Amino acid sequence: MKNIKFLILGIFFAIVLSKTQAISWYRFYEMFRFQSFHMFGIIGGAVLISAIIMQLFKSEKIKDMNGNKIVPKPKKKGFINTILGGTLFGLGWGISGACAAPIFVILGFKFLPALILLVGALLGAFLYGLVSKKLPN
């Protein structure tokens, strides 16, 4: 029961994703064709909320479940790594029609397509784990 707040937060996140149509492949299609501001607004809002939460981490107003300070690790800067990673992520997103976060929400609406997406995402993460030591990052 101690972790029920995380279940409630996850359910809230799923409702927000479905109500904002962030699980619709058509909304992604519109975004990649620059036909609609809808998804750009959602992504911009997510970036803004993330920036606020990061500042709360840094000011120690948000702590982990045990009351410990959360210290985000600084990322190495690299133009080529960012371009390559963003391109691969964008291609996967564009081909599949789904970002990683909504896959579990899509499972509730369209089970088989979402299951295929989930298996593909897990396979991609597994392959990245295999080759990550050899990559220049």
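Every heavy atom of this structure was used, including side-chain atoms; hydrogens, water molecules and symmetry mates were not. Values in this document were obtained by computation on a predicted structure and should not be read as measured data. Note that the numbering runs from 1 along the sequence shown for the chain.
- Other residues, nucleotides and ligands contribute only 12 or fewer heavy atoms inside 6.0 Å of the CZ atom of Phe37.
- Ile8 and Ile15 fall within a single hydrophobic cluster, where Ile, Leu, Val, Met, Phe, Trp and Tyr are joined by side-chain heavy atoms under 4.5 Å apart, directly or via other members.
- Heavy-atom minimum distance, Thr20 versus Val16: OG1-O, 2.8 Å.
- No side-chain heavy atom of Leu122 sits less than 4.5 Å from a side-chain heavy atom of Phe126.
- Atoms OG and OH, from Ser36 and Tyr26 in turn, are 8.5 Å apart once rounded to the nearest 0.5 Å.
- Linking Ile, Leu, Val, Met, Phe, Trp and Tyr residues whenever their side-chain heavy atoms come within less than 4.5 Å places Phe57 and Ile49 in a single cluster.
- Residue-environment remark: CZ (Phe13) stays at or below the threshold of 12 foreign heavy atoms within 6.0 Å.
- We find the CG-CG distance between Leu107 and Leu112 to be 10.0 Å, quoted to the nearest 0.5 Å.
- Atom CZ of Phe6 has more than 12 neighbouring heavy atoms from other residues, nucleotides or ligands inside a 6.0 Å radius.
- One hydrophobic cluster, built from ILVMFWY side chains closer than 4.5 Å, cannot hold both Leu115 and Leu123; they sit in different ones.
- Listed here is the closest heavy atom pair of Gly90 and Phe32: O-CZ, 4.3 Å.
- Leu88 and Leu127 are not part of a single hydrophobic cluster, where members link through side-chain heavy atoms under 4.5 Å apart.
- Closest non-hydrogen pair, Gln21 versus Met39, comes out as O-SD, 4.4 Å.
- Taking CD1 of Ile4 as the reference point, atom CG of Leu7 lies at 5.0 Å (rounded to 0.5 Å).
- Scanning both residues, Leu17 and Pro102, for their nearest heavy atoms gives CD1-CA, 4.0 Å.
- In this structure, NZ in Lys69 is found 13.5 Å from NZ in Lys61, a value given to the nearest 0.5 Å.
- Separating the CG atom in Leu9 from the CZ atom in Phe12 is a distance of 8.0 Å, to the nearest 0.5 Å.
- In plain terms, the two heavy atoms of Leu118 and Ile103 that are nearest each other are CB-CG2, 3.8 Å.
- In this structure, CE on Met31 lies 11.5 Å from OG on Ser24, to the nearest 0.5 angstrom.
- Under a hydrophobic clustering in which Ile, Leu, Val, Met, Phe, Trp and Tyr are joined whenever their side-chain heavy atoms come within less than 4.5 Å, directly or via other members, Leu84 and Val131 fall into different clusters.
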